[in-house]
Number of protein chains: 2
Amino acid sequence: MSSQDIFEKSLRTHKLSLTQPRQAVFDALQHHKSLTMSELVKSCENFDRASVYRTAELFEKLGIVVRIPTGWKYRLELGEAFLEHHHHATCSTCGASIALPEDPALEKRLRELAARRDFTLTTHQIELTGTCAGCATNS
Amino acid sequence: MSSQDIFEKSLRTHKLSLTQPRQAVFDALQHHKSLTMSELVKSCENFDRASVYRTAELFEKLGIVVRIPTGWKYRLELGEAFLEHHHHATCSTCGASIALPEDPALEKRLRELAARRDFTLTTHQIELTGTCAGCATNS
DNA sequence: ATATTTTTTGCAAAAGTGTCGCAATTTGTA
DNA sequence: TACAAATTGCGACACTTTTGCAAAAAATAT
């Protein structure tokens, strides 16, 4: 089942129309792995800003996209149905973004932590900040 | 040493003045444990919006406050010199921000994970998204 | 295929957010 | 108390995000 199929099925399941703006937003997110809101609006310049915003909000509710907090802005990425769940470490010296190995134990621990506050976890984000190997040796 | 003392000392160390707007921002953050920017501006209504923004930015640089990403907004809290290091769960239904209990094992695990990529961790953010107990029962 | 119904869009307007330069005020210091 | 330096408030501006509503597009039934 292709990403496109998963996308279309997700809309159909919720009785939502597959429209041009929605397809454009989905395509933009597939081509660029992650986008800020203004980048997304620019990528969909044939369509109205309001539609892009409404679509982004809708997709987030459906789990098609997730918001990744990066400092004080955020970026949009396709959700777990399309991309492997993962986290990143960002080097504050060179700006490199390092993908982290999966850690089921960590994920489990987070679920337990949430459960202690009677919180039902739908998703989570982890953002590590520090210095990568290269920058650590060169300083 | 009281929070107020730590606050004043931090300003003095950096040769910065203890002004009314700065005190007001600090007070607001002490009284409400966590605030969005617009809430903070409202809490400091005797002072100008620009001053509150400038103060927030300054305090963040000094480590007096930290930005907590919560979905599409962010909240401000006093930093680690004033508050224990902790993380949050954000309810996607009502927007509530729930402080999570400390978990040294989780923190340790993150350091190990970073180490596996030869990454030296300086700080990190964790954000859980889901449904709080209240919203789960009312739906 | 076409008509009908429902959903979604584009538009235009408005509210909200964050930033900047600069004169006036406040603060720290002598 | 007075002076120099730091900071504020004001006003303006550039984005960003949201909203109501008539028009258009999409889904559904004929």
Side-chain angles (χ1 to χ4, degrees), chain A residues 4-5 7-29 34-62 64-76, chain B residues 4-5 7-29 34-62 64-76 90 92-95 97:
Chain A
Q4 179 66 31
D5 291 336
F7 168 55
E8 291 184 15
K9 191 180 170 194
S10 176
L11 288 177
R12 235 178 297 115
T13 304
H14 295 271
K15 301 195 204 317
L16 294 164
S17 310
L18 172 48
T19 64
Q20 295 196 51
R22 285 174 187 168
Q23 185 67 56
V25 167
F26 183 75
D27 288 346
L29 285 164
S34 115
L35 292 166
T36 62
M37 205 58 207
S38 61
E39 287 167 345
L40 180 61
V41 167
K42 220 169 290 169
S43 299
C44 303
E45 58 186 351
N46 297 342
F47 305 97
D48 193 81
R49 309 169 68 75
S51 300
V52 177
Y53 273 89
R54 283 186 283 231
T55 299
E57 189 189 359
L58 175 70
F59 281 10
E60 199 188 358
K61 274 184 193 132
L62 300 183
I64 293 171
V65 312
V66 289
R67 284 186 204 239
I68 312 287
T70 59
W72 46 282
K73 299 257 171 186
Y74 61 87
R75 307 183 71 80
L76 300 173
Chain B
Q4 179 66 31
D5 292 336
F7 169 54
E8 291 183 15
K9 191 180 170 196
S10 177
L11 288 176
R12 236 178 297 116
T13 304
H14 294 270
K15 302 198 207 315
L16 294 164
S17 309
L18 171 47
T19 63
Q20 293 196 52
R22 285 175 186 167
Q23 184 66 58
V25 167
F26 183 75
D27 289 346
L29 285 163
S34 121
L35 291 167
T36 62
M37 205 57 207
S38 61
E39 287 167 345
L40 180 61
V41 168
K42 222 168 288 168
S43 298
C44 303
E45 59 186 350
N46 297 341
F47 305 96
D48 193 80
R49 211 154 46 92
S51 300
V52 177
Y53 272 90
R54 283 186 285 231
T55 299
E57 190 188 359
L58 175 70
F59 281 10
E60 199 186 359
K61 273 183 193 133
L62 300 184
I64 294 172
V65 312
V66 291
R67 279 184 208 242
I68 312 290
T70 61
W72 75 111
K73 301 256 170 184
Y74 58 86
R75 308 182 72 80
L76 299 173
T90 303
S92 50
T93 304
C94 68
S97 182

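Quick note on labels: first sequence line is chain A, next is B, and so on, each numbered from 1.
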side-chain contact (heavy atoms from CB on, under 4.5 Å) evaluation trace for B:Ser34 with B:Ile68 = CA-CA 9 Å; B:Ser34 121; B:Ile68 312 290; over 6 Å; no
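Near-neighbour residues of DNA chain D inside residues 15-27 of chain B, defined by a heavy atom below 4.0 Å, number-ordered: B:Leu16, B:Ser17, B:Thr19, B:Pro21, B:Arg22. Across residues 34-50 of chain A, A:Phe47, A:Asp48, A:Ala50 each have a non-hydrogen atom less than 4.0 Å from an atom of DNA chain C (numbered order).
With sequence neighbours left out, the side chain to side chain contact (heavy atoms under 4.5 Å, CB included) criterion links A:Asp5 to A:Met1, A:Ser2. In terms of the side chain to side chain contact (heavy atoms under 4.5 Å, CB included) criterion, residue partners of A:Ser17 (sequence neighbours excluded) are, by chain and number, A:Thr19, A:Arg22. B:Glu8 is linked by a side chain to side chain contact (heavy atoms under 4.5 Å, CB included) to B:Gln4, B:Arg12, B:Leu18, counting only residues two or more places apart in sequence or in another chain.
Residues A:Phe59 and A:Phe7 come closest through the heavy atom pair CZ-CE1, 3.4 Å.
A:Tyr53 has no side-chain polar atom (N or O) that falls below the 4.0 Å cut-off from OP1 or OP2 of C:dT8.
D:dA6 atom P lies 15 Å from atom CG of B:Leu11, rounded to whole Å. Rounded to whole angstrom, the span from the CD atom of A:Glu8 across to the C1' atom of D:dA26 amounts to 14 Å. Across the protein-nucleic acid pair, B:His14 atom NE2 and D:dA6 atom P stand 16 Å apart, rounded to whole Å.
Identified under the salt bridge (charged side-chain N to carboxylate O under 4.0 Å, His left out) test for residues 39-58 of chain A, with sequence neighbours left out: A:Glu39-A:Arg75, A:Glu57-A:Lys61.
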